[in-house]
Protein chains: 2
Amino acid sequence: MKENKEEQSSTELKIFEAARDVFQAKGLEGTRMQEIADRAGINKSLLHYYYRSKEKLFEKVYQLSIIRVIPQIVSLLNEDLPLDQKLRNFTEKYLEIIIANPDIPLFILHELNKNPTRLKTFMLQEVGKKVQPFLEQLRQESKKGNTVDLPAEQILVNIMSMLIFPFIGRPVFQVIFDMDDAAFEQFIFERKRLLPGFIVQSVMKSNHS
Amino acid sequence: MKENKEEQSSTELKIFEAARDVFQAKGLEGTRMQEIADRAGINKSLLHYYYRSKEKLFEKVYQLSIIRVIPQIVSLLNEDLPLDQKLRNFTEKYLEIIIANPDIPLFILHELNKNPTRLKTFMLQEVGKKVQPFLEQLRQESKKGNTVDLPAEQILVNIMSMLIFPFIGRPVFQVIFDMDDAAFEQFIFERKRLLPGFIVQSVMKSNHS
DNA sequence: TTTTGTTTTAACCATATGGTTGAATCAAAA
DNA sequence: TTTTGATTCAACCATATGGTTAAAACAAAA
């Protein structure tokens with residue numbers, strides 16, 4: 001037998017990565033198995049040799065896309081830090097994660113929109129539970145008069161929006177601002193530097209450098 | 001002949017609306033002509049009687065989805081108002097538009113992502129031109145020290161993000177915050193009331209009620 | 001009544017696509 | 001050398017789907 005064991009046979013990985021790229025770019029129905037095979041540099045038979053069906057392959061890509069992003073995030077919200085530091089920390093780390101996986105949000109949200117039941121809701125409910133303490137912290141600080149006067153949920157939605165949407169809206173922004181790819185990368189780089197401060201400043205009331 | 005002229009024959013409209021709903025929910029490839037026919041309460045033959053092909057029908061839905069949203073928005077940016085009022089005005093009106101068309105953003109962005117050439121870029125370039133004066137206004141106020149110290153483009157992206165993303169991320173937010181549909185509508189209603197103030201307060205420096 | 005455009009019905013075609021199969025090849029491990 | 005799993009190749013199947021067609025029914029306008 002050829003190389004095997006240790007890391008999953010590199011072809012299996014090649015197939016998965018090809019599938020991930022194509023599925024994320026074109027969605028479930030928009031994807032052709034042949035295209036995945038081509039991109040992986042193998043033939044269609046081998047696809048089914050490793051992953052029995054399109055559904056199975058998609059499911060794996062979908063689940064792993066979610067798992068790759070979500071747990072990292074919620075853990076950031078549970079660290080024991082004062083609010084402003086936590087906001088800064090969360091913003092920076094989250095931006096790094098999403099910069100490393102810029103196609104995942106649109107992918108997940110489109111598939112979720114098409115088929116709301118596919119995503120196991122308990123997965124998100126877990127997230128919900130982990131988010132509660134953070135919301136509580138926001139409410140506490142709000143009561144002390146340290147934050148802007150806004151429901152905690154609205155604040156969180158504002159933060160998530162500013163973090164994620166630029167990547168989803170990228171093609172629109174690039175045309176409107178007349179940016180080529182390099183310019184947009186630069187724009188994101190700049191954003192990584194400036195956004196933490198902006199978020200802290202807009203959520204917390206006064207005196208925070 | 002049956003009723004005709006005046007408004008386009010009501011079946012033609014029925015078909016278009018059915019197509020719009022299905023295309024926006026499932027995307028181009030995810031949509032079956034049969035499903036459109038069913039939803040419109042007619043049969044497949046009649047689809048092709050009015051719209052020759054799936055492509056043609058989709059194109060019409062796609063273009064009109066864009067046209068319905070984009071021009072309204074840019075006009076809001078060119079009104080002759082002081083910055084804080086313009087921000088308030090823009091936020092309120094934009095939210096109304098998007099509340100009336102909550103499915104359009106994800107639809108456009110997914111299709112745009114799949115096929116960047118389908119959208120005539122000159123359309124967005126027009127938007128770009130119309131946005132320039134607003135960016136310039138932002139820069140002027142920034143120079144006067146009236147706004148937060150952030151590039152105009154970053155500010156605009158922040159605003160657009162907070163306006164649009166809640167609708168794209170709706171299914172996620174609903175689970176995380178444990179909201180049923182009614183609760184989420186309420187959340188958006190509340191947002192419409194609070195967001196203009198938050199945006200002004202976070203973009204403009206101090207003393208603005 | 002005739003005409004004309006609308007709508008249904010039902011059968012049908014061509015194609016793309018997911019998936020299968022079986023034989024052949026190949027390379028490494030035993 | 002034998003064995004075994006990986007991989008290719010080519011042909012093939014079943015199905016879904018977009019699209020067509022022709023005939024008939026229908027309803028309003030002329």
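In what follows, chains carry the letters A, B, and so on, assigned in the order in which the sequence lines appear, proteins first and then strands, with residues in each chain numbered from 1. Treat the numbers as computed from the prediction; the structure is a model and nothing was measured.
Among the heavy atoms of the strands, none lies under 4.0 Å from Leu47(B).
In this structure, Phe177(B) and Phe187(B) have tilted ring planes: the angle between them lies in the 30° to 60° band.
Look at Glu29(B) and Lys26(A) and you find no salt bridge, because none of the NZ, NE, NH1 or NH2 atoms lies under 4.0 Å from a carboxylate O. Residues Glu55(B) and Arg118(B) are paired through a salt bridge, judged by an N-O separation under 4.0 Å between the basic side chain and the carboxylate.
In this structure, the CD1 atom of Ile42(B) is 19 Å from the P atom of dC26(D), given to the nearest Å. Nucleotide dG5(D) holds its P atom 15 Å from the CG atom of Leu46(A), rounded to whole Å. Rounded to an integer number of Å, the gap from OH of Tyr50(A) to P of dG5(D) is 12 Å.
Tyr49(B) has no side-chain polar atom (N or O) that falls below the 4.0 Å cut-off from OP1 or OP2 of dT7(C). Distances shorter than 4.0 Å separate none of the side-chain N or O atoms of Thr11(A) from OP1 or OP2 on dA6(D).
Considering only the side chain of Asn43(B), dT9(C) comes nearest among dT8(D), dT7(C), dT9(C).
Other residues, nucleotides and ligands contribute more than 12 heavy atoms inside 6.0 Å of the CZ atom of Arg139(B).
Screening residues 154-169 of chain A for side-chain hydrogen bond (donor to acceptor under 3.5 Å, both in side chains) gives Gln154(A)-Glu190(B), Gln154(A)-Arg191(B), Asn158(A)-Arg191(B) as the qualifying pairs, with residues at least two apart or on separate chains.
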Check nucleotides 14-21 of chain D for protein N or O atoms closer than 3.5 Å to its own N or O atoms and list the pairs.
| residue | atom | partner | partner atom | Å |
| --- | --- | --- | --- | --- |
| dT17(D) | OP1 | Arg32(B) | NH1 | 2.9 |
| dG18(D) | OP1 | Thr31(B) | O | 3.3 |
| dG18(D) | OP1 | Arg32(B) | NE | 3.4 |
| dG18(D) | OP1 | Lys54(B) | NZ | 3.2 |
| dG18(D) | OP2 | Met33(B) | N | 3.2 |
| dG19(D) | OP2 | Lys54(B) | N | 2.7 |
| dG19(D) | N7 | Lys44(B) | NZ | 3.1 |
| dG19(D) | O6 | Lys44(B) | NZ | 2.8 |
| dT21(D) | O4 | Ser45(B) | OG | 3.3 |

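Under the rule for a side-chain contact (heavy atoms from CB on, under 4.5 Å), the partners of Leu77(B) that lie at least two apart in sequence or sit in another chain are Phe90(B), Val131(B), Phe134(B).
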